[in-house]
> 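Before anything else, here's the structure in question.
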Amino acid sequence: MTQGHIHPINLAAARIADIFSKMGFDTVDGPELEDEWHNFDALNVPKNHPSRDMQDTFWIKNREGADKHGEKMKYVLRTHTSNVQIRAMERAVLEGDSFPIAICCPGKVFRNEATDATHEAQFYQVEGFYVGKDASLAMMVGVMQKFFSEFFETETVIRLRSSYFPFVEPGNEFDMQCFKCKGNGCNVCKQTGWIEIGGAGMVHPKVLEAGGVNPHEYRGFAFGCGIDRMVMLKYGIDDIRLLYNGDLRLVNQF
């Protein structure tokens with residue numbers, strides 16, 4: 001009898017949850033079919049933001065609801081796991097939980113884009129999210145360095161580059177020092193010594209307000225990246241489509 005194997009993305013998600021758990025983060029999930037308020041509005045994404053266009057978002061036909069103000073809103077296949085941020089804050093406020101909130105959110109997301117070696121219409125993300133009176137960029141970098149060091153099984157250095165995301169201020173893209181060459185340059189990092197991983201920053205006050213949290217009392221940070229990309233980097237997989245085409249020659253290696 002042939003023994004079954006766990007898919008590498010599932011293995012990675014379990015490993016990610018374990019690493020975050022050891023740092024005191026709870027692993028939570030949210031709906032993949034999401035209303036546009038939790039997916040966009042509450043995250044400070046403007047009504048005219050390009051990510052709301054059909055080119056990036058799968059909008060659901062014949063499915064509408066109403067927000068807390070009674071205004072009509074549509075439903076989408078979530079474009080990121082950041083919707084879980086809002087739901088986690090809402091739940092904490094509703095249930096009277098004490099702060100800080102520390103969660104990680106691994107899950108499937110959807111983008112209406114062409115498929116190639118590095119892009120898929122569906123893929124997996126993970127997000128680290130913390131809200132407390134002591135939240136800072138320095139704390140965020142420390143958490144990221146610990147997380148990626150554990151995942152890639154080698155001491156990792158993180159650097160931030162200024163960028164813009166509607167839901168964080170200040171916003172950053174972050175790079176990881178190449179785990180293979182330690183910054184000396186190799187084929188994995190394309191001789192740069194650094195690997196671009198994802199986005200991060202301090203949670204925007206409007207996002208905290210949308211979640212029912214007082215931004216004058218609490219601060220937060222969030223960072224996110226693609227689980228698929230992490231798997232590809234760690235195991236040397238050069239085409240994301242290999243993770244979804246059902247070829248057992250790939251899965252049987254794990």
Side-chain angles (χ1 to χ4, degrees), residues 4-23 25-34 38-40 43 51 56-58 60 75-88 102-130 143-144 147-153 156 158 165 167 173-176 179 188 195-200 222-254:
H5 295 257
I6 300 176
H7 195 280
I9 290 180
N10 290 338
L11 284 172
R15 177 60 178 150
I16 287 167
D18 182 60
I19 295 169
F20 271 108
S21 177
K22 291 176 180 178
M23 292 191 287
F25 286 65
D26 295 324
T27 301
V28 299
D29 194 12
E32 294 178 3
L33 177 60
E34 186 60 282
H38 283 93
N39 195 81
F40 291 127
L43 290 164
S51 64
D56 294 305
T57 304
F58 288 106
I60 306 303
Y75 280 78
V76 302
L77 293 179
R78 67 179 180 185
T79 58
H80 43 213
T81 54
S82 300
N83 64 317
V84 184
Q85 292 184 21
I86 304 300
R87 293 188 175 275
I103 62 171
C104 80
C105 324
K108 185 185 291 185
V109 299
F110 307 85
R111 303 280 175 86
N112 189 4
E113 57 184 31
T115 297
D116 58 27
T118 57
H119 298 85
E120 257 289 0
Q122 64 168 24
F123 55 98
Y124 285 79
Q125 281 188 342
V126 61
E127 189 151 336
F129 179 68
Y130 178 90
V143 170
M144 287 195 293
F147 167 63
F148 288 108
S149 295
E150 290 288 328
F151 185 85
F152 288 102
E153 301 177 88
T156 300
I158 295 293
F165 302 99
F167 30 83
E173 291 184 8
F174 65 93
D175 304 326
M176 173 186 70
F179 60 91
V188 172
I195 302 172
E196 182 179 331
I197 294 292
F223 62 93
C225 57
I227 296 178
D228 309 58
R229 176 162 170 74
M230 293 170 63
V231 169
M232 293 170 70
L233 286 170
K234 185 171 183 176
Y235 298 112
I237 301 171
D238 59 5
D239 193 323
I240 191 173
R241 292 169 292 192
L242 294 173
L243 297 172
Y244 295 99
N245 66 6
D247 192 334
L248 293 181
R249 292 176 297 178
L250 173 72
V251 178
N252 288 344
Q253 297 179 60
F254 295 87

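FYI, the numbering just counts along the sequence from 1.
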> Verify the distance criterion only: is there a donor paired with an acceptor across the side chains of E34 and N39 at less than 3.5 Å?
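No.
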> Please list, chain by chain and in numerical order, all residues satisfying side chain to side chain contact (heavy atoms under 4.5 Å, CB included) with R229, sequence neighbours excluded.
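Expected list: I195, L233.
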> Looking at residues at least two apart in the chain, or sitting in another chain, which of them share a side chain to side chain contact (heavy atoms under 4.5 Å, CB included) with N112?
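N112 satisfies side chain to side chain contact (heavy atoms under 4.5 Å, CB included) with F58 only.
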> Check side chain to side chain donor-acceptor pair (under 3.5 Å) between H7 and all other residues, then give those that pass, not counting sequence neighbours.
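Side chain to side chain donor-acceptor pair (under 3.5 Å) check on H7 returns nothing, list empty.
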> Measure across G30 and R78 and return the closest heavy-atom pair with its distance rounded to 0.1 Å.
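Nearest heavy atoms, G30 then R78: O-NH1, 3.3 Å.
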> For F129, what residues pass the ring pair (Phe, Tyr, Trp, His ring centres under 6.0 Å) criterion, not counting sequence neighbours?
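Listed in chain order: nothing, the list is empty.
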> Using ring pair (Phe, Tyr, Trp, His ring centres under 6.0 Å) as the criterion, list what pairs up with F110, not counting sequence neighbours.
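Here no residue qualifies.
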> Can you run down the salt bridge (Lys or Arg N to Asp or Glu O under 4.0 Å) pairs that involve residues 245-254, sequence neighbours left out, and say none if there aren't any?
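Non-adjacent pairs meeting salt bridge (Lys or Arg N to Asp or Glu O under 4.0 Å): D247-R249.
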> Can you name the residues that form a side chain to side chain donor-acceptor pair (under 3.5 Å) with T57, not counting sequence neighbours?
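T57 satisfies side chain to side chain donor-acceptor pair (under 3.5 Å) with no residue once adjacent residues are dropped.
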> Going by the ring pair (Phe, Tyr, Trp, His ring centres under 6.0 Å) test, which pairs reach into residues 222-254, not counting sequence neighbours?
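Output for this query lists Y235-F254.
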> For T115, which residues count as a side chain to side chain contact (heavy atoms under 4.5 Å, CB included) partner, sequence neighbours excluded?
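Partners of T115 by the side chain to side chain contact (heavy atoms under 4.5 Å, CB included) criterion, ordered by chain and then number, come out as E120, R241.
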> According to side chain to side chain donor-acceptor pair (under 3.5 Å), who are the partners of E153, at least two apart in sequence or on a separate chain?
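Partners of E153 by the side chain to side chain donor-acceptor pair (under 3.5 Å) criterion, ordered by chain and then number, come out as K234.
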> As an exercise, state the distance from CD1 of I16 to CD1 of I9, rounded to the nearest 0.5 Å.
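CD1 of I9 is found 10.0 Å from CD1 of I16.
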> Only counting residues at least two apart or in another chain, list the ones meeting ring pair (Phe, Tyr, Trp, His ring centres under 6.0 Å) with F152.
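In terms of ring pair (Phe, Tyr, Trp, His ring centres under 6.0 Å), with neighbours along the sequence ignored, F152 is linked to F179.
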> How would you list, by chain and number, every residue that makes a side chain to side chain contact (heavy atoms under 4.5 Å, CB included) with E150, sequence neighbours excluded?
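Per chain and number, E150 pairs via side chain to side chain contact (heavy atoms under 4.5 Å, CB included) with R15, I19, K146.
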